[in-house]
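One structure below.
In what follows, every chain begins at residue 1, and chains take the letters A, B, ... in the order their sequences are listed.
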Protein chains: 4
Amino acid sequence: MSSKFLSLNQEKQERILNAALKEFAQKGYENASTNEIVKSAEISKGLLFHYFNNKKELYLFLYNHFVEVLMEEFFNELDFSERDIFERLKSLMILKSKLMIRHPEVFDFMMSASMEASEEVKEAMNSTNTELMEASYGRLFENIDLTKFQEGMDIQRTINIIMWTLKGFSNQEQEKAKKLHKGLHDFNDAFKEAEVYIDMLRKSFYKNQ
Amino acid sequence: MSSKFLSLNQEKQERILNAALKEFAQKGYENASTNEIVKSAEISKGLLFHYFNNKKELYLFLYNHFVEVLMEEFFNELDFSERDIFERLKSLMILKSKLMIRHPEVFDFMMSASMEASEEVKEAMNSTNTELMEASYGRLFENIDLTKFQEGMDIQRTINIIMWTLKGFSNQEQEKAKKLHKGLHDFNDAFKEAEVYIDMLRKSFYKNQ
Amino acid sequence: MSSKFLSLNQEKQERILNAALKEFAQKGYENASTNEIVKSAEISKGLLFHYFNNKKELYLFLYNHFVEVLMEEFFNELDFSERDIFERLKSLMILKSKLMIRHPEVFDFMMSASMEASEEVKEAMNSTNTELMEASYGRLFENIDLTKFQEGMDIQRTINIIMWTLKGFSNQEQEKAKKLHKGLHDFNDAFKEAEVYIDMLRKSFYKNQ
Amino acid sequence: MSSKFLSLNQEKQERILNAALKEFAQKGYENASTNEIVKSAEISKGLLFHYFNNKKELYLFLYNHFVEVLMEEFFNELDFSERDIFERLKSLMILKSKLMIRHPEVFDFMMSASMEASEEVKEAMNSTNTELMEASYGRLFENIDLTKFQEGMDIQRTINIIMWTLKGFSNQEQEKAKKLHKGLHDFNDAFKEAEVYIDMLRKSFYKNQ
DNA sequence: TATGAATGAGGATTCATTCAT
DNA sequence: TATGAATGAATCCTCATTCAT
C-alpha cells in the first residue's frame with residue numbers, strides 16, 4: 001500500500017516523512033493533525049490519503065520505516081568483534097548518542113511512539129516491533145566472552161541487570177536534560193558517569209582481574 | 001473549587017472519579033472525552049464543569065487525589081523497622097502488588113499519567129508530583145543498614161543499580177502480563193523470580209555472609 | 001413582580017443592582033452572565049431568579065429603575081427659571097457632566113443600553129423609554145423665551161438643529177475620551193469648546209444684539 | 001486566508017455573505033450563531049471554517065469587504081464637481097438613499113457594526129475603519145467653495161454643525177421608519193424635509209444672496 | 001498523480017433556568 | 001426567603017476522510 005509512496009521522488013518523500021515525523025513526535029498519534037502535516041509538507045490533503053489510506057497507516061509506515069533505518073545504522077556501525085560485553089555496551093552508548101545527534105527528530109518520534117497512549121495504534125505497532133526489535137536485541141549479546149563472568153553466575157539474568165541499569169541511567173540523564181531544557185546536555189560528563197556504573201558492574205560480575 | 005465536589009454524596013463522587021479514571025487511563029489526557037466521562041458517570045454535561053471548571057482541573061484533581069491516596073496507603077503499610085534494604089524492597093514489591101490488586105484502575109491511571117504527553121498538563125503535574133513523590137522516594141532508604149554493604153562501595157550508585165534492576169524487572173513483568181491479557185498474572189511466580197534477582201544483587205553488593 | 005425585591009434590605013438591593021449594572025454595561029444584554037452577577041453580588045443563583053423571574057426582567061427592571069433615578073435628578077437640579085435656551089442647555093451640559101461623575105457606572109449602563117443589539121430586549125425597552133424619556137425631552141424647552149429668535153424662524157426645527165449640534169459635539173468628545181482612555185477628559189476644555197459652538201448658534205439664530 | 005473564499009463560485013459566495021450579513025446585523029457579533037449562518041447558507045459547518053478560520057475573521061472580512069464595496073460606489077457616483085457644500089451634501093443624501101434601497105441588508109449590517117459592543121472585534125475594525133473611512137470623510141469637503149460663507153465664519157466648526165444636523169435628521173428619520181416597520185419610508189417626504197433644514201442652514205451660514 | 005472543497009460528527013465549555021431542600 | 005446542585009441545549013471550532021475534477 002505504501003509502494004506507491006516509495007516510487008515518489010526522493011525530495012517529496014522526505015518532505016512528507018519529516019513533516020509527519022515532527023507532528024507525531026510533538027503531539028502523539030491521536031492529537032497529531034493531518035492538516036498540519038500536509039501544510040508543512042506542502043502537499044495537498046488528497047495526496048496524503050492517496051499514498052497512505054489513513055492516519056493509522058501513515059503512522060505505522062513511519063514507525064516501521066524508521067525502526068528499519070535506525071536498526072540498519074546500528075548494526076552497520078556497531079563493532080561486533082569486541083567480545084567484552086561492557087566494552088560493547090559502551091560503544092553502543094556512544095553510537096546511540098551519535099545517532100541522536102545525527103537524527104534528533106527520529107529519536108523524538110521513536111520516544112513518543114514508545115509511550116504512545118492510543119490503543120488503536122499500540123497493538124499494530126507491537127507486532128512489527130517485537131519481530132524486528134527483539135531479534136536485534138538478541139544480536140547485541142551474540143558471541144560475548146562469557147568466560148570473564150564469575151563462575152556459576154546466571155548469565156541471562158546478569159545481562160538483564162546490566163541492561164536495566166544502563167536503561168535506568170539513560171532515562172535519568174534524559175530527565176535531567178529535559179529539566180534543563182538542553183536537547184542533549186554535556187555528553188562527556190554523562191559518558192564518564194556511565195563508565196562509573198559500568199565499572200561497578202564489571203567489578204561485581206566479572207572474575208577478579 | 002473542588003471543595004464543592006468533596007461535599008457530595010460518596011456514591012456520586014465515586015461514580016465520577018471512576019468514570020474519569022478509566023477514560024483518562026485508556027486514552028490519555030488530550031484524547032479522553034469529557035462526553036464519555038459524563039455518560040459513564042451518568043451525570044449531566046453541565047455538572048462535571050460545575051465541580052471541576054475544566055478538563056485540566058479534573059485531570060489534576062484526579063492525579064493529586066490518587067497520589068495522596070496511594071502514598072498514604074504505601075507509607076502506612078510499609079514496614080520501616082526492617083533495616084535490610086533488600087527485605088524492605090521485597091515488602092515494597094509485595095505491597096505494590098497488593099495495592100494493584102486492590103485498585104487496578106488507579107494504577108492504570110497513574111501509569112498513563114506518568115507517561116502523559118500533553119505539555120499542558122505535564123507542567124502542572126510535576127510541581128505537585130516532585131514535591132510529594134520525590135520526598136517519599138527518599139524515605140524508602142531512610143535508616144537502611146549500610147554496614148551490610150561491602151567495604152568501599154559507592155552506596156548511592158549501588159542503590160540506583162538496585163532500583164533500576166527492580167524497575168526493569170517490574171516493567172518486564174507488566175509487558176508479559178499485558179501480552180497475555182491477564183490484568184495480574186500469577187503473582188507467586190513473579191515474586192519468586194524477583195527474589196532470584198534480589199539474591200543476585202545481595203550476593204554482589206553485600207559482604208560475604 | 002419586582003415588589004418582592006423592593007422590600008429587601010437596602011444594602012443587599014444595592015449589591016445586586018450594582019453587580020448587574022456593571023455586568024450588563026460591560027458585556028451587553030445577551031453576553032452578560034447571571035452567574036457573574038450572583039457571584040459579584042454574593043447571593044445565590046436561586047435568589048436572583050426568585051426576585052426577577054428571568055434575565056430579561058432583571059435587565060428591564062434595571063433600565064426602568066435607573067431611567068427614573070436619572071430623570072428625577074435631572075429635573076430636580078435643572079434650573080427651569082432660566083428662559084434663554086442657550087443658557088438652559090449650557091446648564092444641562094454641566095449637570096450631565098456632574099451626574100456622570102456622580103454615577104459613572106449608571107451612565108455606562110445607559111449608554112450600552114441605548115446601543116443594545118438584542119431584539120428581545122430592545123422592544124420592551126422602547127415602550128417605557130418613549131413614554132418617560134420623550135415626555136421629559138419636551139420639558140427641556142418649556143417656557144423658553146422665543147422672542148430672542150430672529151423673526152420668521154421655524155422654532156421647532158431651529159431647536160432640532162441646536163440639539164443635534166450639541167449631541168454631535170457630545171458624541172465627538174466621548175469618542176475622543178475613549179481613544180485617550182480617559183474616563184472623563186478635561187471637562188473645562190470640552191466645555192469651553194461647547195461654548196464656542198453655542199455662541200455660533202446664538203449669533204446665527206438670535207436677533208442681532 | 002479569505003483568498004480561498006474569493007475563488008468560489010459567485011452564487012455560493014453570495015449565499016454565505018448574505019447569511020452572515022443577516023445574522024450579524026440582527027444579533028451583533030457575539031450573539032450571532034455560526035450555526036445559524038451555515039444553516040441558512042446551506043453549507044456544512046466545516047466549510048465556513050475552511051474559508052474563514054474563525055468567527056472573528058468572518059466578521060472582519062464582511063466588514064472590510066462591504067466598507068470597500070460601499071465606499072467605491074459612493075465615490076464613483078458622487079459628483080465632486082459641484083462646489084456648493086449644500087448641493088454636494090444633498091446629492092450625498094440622495095445617493096445614500098439609493099444605496100440603502102439597493103443594499104438594505106448591507107446597511108443594516110454596517111449600522112450594527114458601527115455600534116458593535118464586543119471589544120474583541122471593535123479594535124480590529126477600527127484600524128481599517130479609520131484608515132479608509134476617515135480619509136473618505138475628508139474628501140467630502142475637498143474643493144468646496146468657501147467664498148459663499150459669511151465673512152469671518154469659523155469654517156471647520158460650521159461644517160461640523162452642518163454635518164451633525166444632517167446626521168441628527170437622518171437618525172430621526174431612521175427611528176421613524178423603524179417604528180412604522182417600513183424599511184424605507186416615503187423617501188420624497190423625507191428628502192423635502194431635509195431640504196428645509198438645508199435651506200435654514202444655508203440662510204444662516206451663507207452670505208445674503 | 002494531484003488538488004482542495006466539502007462533510008458532519010465530535011471536541012470542551014457556558015448558559016439561563018429549575019427545584020428539592 | 002435562600003441555597004446551589006443539576007440540567008442539556010447551544011456555543012465555536014477541529015478533525016480525518018472523501019470525491020469530483
Side-chain angles (χ1 to χ4, degrees), chain A residues 4-5 7-9 12 29-39 42-59, chain B residues 4-5 7-9 12 27 29-39 42-58, chain C residues 4-5 7-9 12 29-39 42-59, chain D residues 4-5 7-9 12 29-39 42-59:
Chain A
K4 285 184 217 163
F5 175 72
S7 60
L8 194 57
N9 75 68
K12 208 177 217 172
Y29 173 69
E30 302 256 22
N31 224 236
S33 159
T34 54
N35 254 5
E36 291 302 314
I37 292 172
V38 302
K39 219 179 283 172
E42 293 178 300
I43 58 165
S44 75
K45 214 99 188 259
L47 198 53
L48 188 72
F49 287 90
H50 178 69
Y51 288 127
F52 309 96
N53 298 316
N54 52 45
K55 197 184 182 182
K56 187 178 172 183
E57 277 186 26
L58 167 60
Y59 188 85
Chain B
K4 281 185 214 165
F5 175 73
S7 60
L8 192 60
N9 74 69
K12 207 179 221 174
K27 313 205 188 152
Y29 174 69
E30 303 253 23
N31 215 235
S33 160
T34 53
N35 271 4
E36 290 302 315
I37 292 172
V38 301
K39 217 179 287 167
E42 291 177 300
I43 58 168
S44 75
K45 219 169 261 208
L47 193 54
L48 188 71
F49 290 92
H50 179 67
Y51 289 126
F52 309 96
N53 296 318
N54 51 46
K55 197 183 179 181
K56 187 177 173 182
E57 276 186 26
L58 167 60
Chain C
K4 284 184 218 163
F5 175 72
S7 60
L8 194 58
N9 75 68
K12 208 177 218 177
Y29 174 68
E30 302 257 19
N31 225 237
S33 159
T34 53
N35 254 5
E36 292 301 315
I37 293 172
V38 300
K39 220 179 283 170
E42 292 177 302
I43 58 165
S44 75
K45 213 97 188 264
L47 198 54
L48 187 71
F49 287 89
H50 176 71
Y51 289 126
F52 309 96
N53 299 315
N54 51 45
K55 196 183 180 182
K56 186 177 172 183
E57 277 185 25
L58 167 59
Y59 189 84
Chain D
K4 281 184 215 165
F5 175 73
S7 60
L8 192 60
N9 74 68
K12 207 178 224 174
Y29 174 69
E30 303 254 23
N31 213 236
S33 159
T34 54
N35 271 4
E36 291 302 316
I37 292 172
V38 301
K39 217 179 286 169
E42 291 179 301
I43 57 168
S44 73
K45 218 169 260 205
L47 193 55
L48 187 70
F49 291 93
H50 179 66
Y51 289 126
F52 309 96
N53 296 317
N54 51 47
K55 195 184 181 182
K56 186 178 173 183
E57 276 186 27
L58 167 59
Y59 189 84

In terms of side-chain heavy atoms of S44(C), which of dA6(E), dA2(E), dG4(F) is nearest? dG4(F)

Counting distance only, does the side-chain N/O of K45(D) pair as donor-acceptor with the main-chain N or O of N35(D) below 3.5 Å? no

I want to confirm an ordering. Mapping L48(D) and I43(A) to their closest nucleotides on DNA chain E, which one lands closer to the 5' end? I43(A)

What integer distance in Å separates E42(B):CD from dA6(F):P? 14 Å

Output for pair (I37(B) CD1, I43(B) CD1), nearest 0.5 Å, gives 9.0 Å

Could you check how far CG of N31(B) sits from C1' of dT14(F), rounded to whole Å? 13 Å

From L47(C) atom CG to E42(C) atom CD, the distance as rounded to the nearest 0.5 Å: 13.0 Å

At under 4.0 Å, does any side-chain N or O of S33(D) touch on OP1 or OP2 of dT11(F)? yes

If the condition is salt bridge (charged side-chain N to carboxylate O under 4.0 Å, His left out), which residues does K55(C) pass it with, not counting sequence neighbours? none

Rounded off to whole Å, could you give me the CG-to-P distance for the N9(D) and dG4(E) pair? 17 Å

When the ring planes of F52(C) and F5(C) are compared, do they come out parallel, tilted or perpendicular, using 30° and 60° as the limits? tilted

In whole angstroms, how far is the P atom of dT14(F) from the CD atom of E30(A)? 18 Å

Base, sugar-phosphate or nothing for L8(C)? Non-hydrogen atoms, less than 4.0 Å. sugar-phosphate

Check the distance between dG11(E)'s C1' and K27(B)'s NZ and give it to me in whole angstrom. 12 Å

Expressed as a whole number of angstroms, how long is the span from I37(A):CD1 to dG4(E):C1'? 17 Å

Here the gap from E30(A) atom CD to E30(B) atom CD, rounded to the nearest 0.5 Å, amounts to 11.0 Å

Report yes if a side-chain nitrogen or oxygen of Y51(D) is closer than 4.0 Å to either non-bridging phosphate oxygen (OP1 or OP2) of dG4(E); otherwise report no. no

Bending between helix ends of the helix from dA2(E)-dT21(F) to dT21(E)-dA2(F) [5 pairs per end, 10° resolution]: 10°

All N/O pairs under 3.5 Å across the protein-nucleotides 17-20 of chain F interface:
{"unit_1": "dT17(F)", "atom_1": "OP2", "unit_2": "K55(A)", "atom_2": "N", "d": "2.7"}
{"unit_1": "dT17(F)", "atom_1": "O4", "unit_2": "K45(A)", "atom_2": "NZ", "d": "2.9"}

According to salt bridge (charged side-chain N to carboxylate O under 4.0 Å, His left out), who are the partners of K39(D), at least two apart in sequence or on a separate chain? E36(D)

Of all the choices, dC15(F), dG4(F), dG4(E), which nucleotide is nearest to the side chain of H50(B) once you look at every atom? dG4(F)

In chain order, what residues pass the side chain to side chain donor-acceptor pair (under 3.5 Å) check against N54(B), with sequence neighbours excluded? none

Value in whole Å for how far the P atom of dC15(F) lies from OH of Y29(A): 14 Å

From dA2(F), dT1(E), dT7(E), pick the nucleotide closest to the side chain of K12(C)? dA2(F)

How would you list, by chain and number, every residue that makes a ring-ring contact (aromatic ring centres under 6.0 Å, His included) with Y29(C), sequence neighbours excluded? Y59(C)

Rounded to whole angstroms, how far apart are CZ on F5(C) and P on dT1(F)? 12 Å

Between OG on residue S7(D) and OH on residue Y51(D), distance to nearest 0.5 Å: 7.0 Å

Using a heavy-atom cut-off of under 4.0 Å over every strand shown, decide if K39(A) touches base, sugar-phosphate, or nothing. nothing

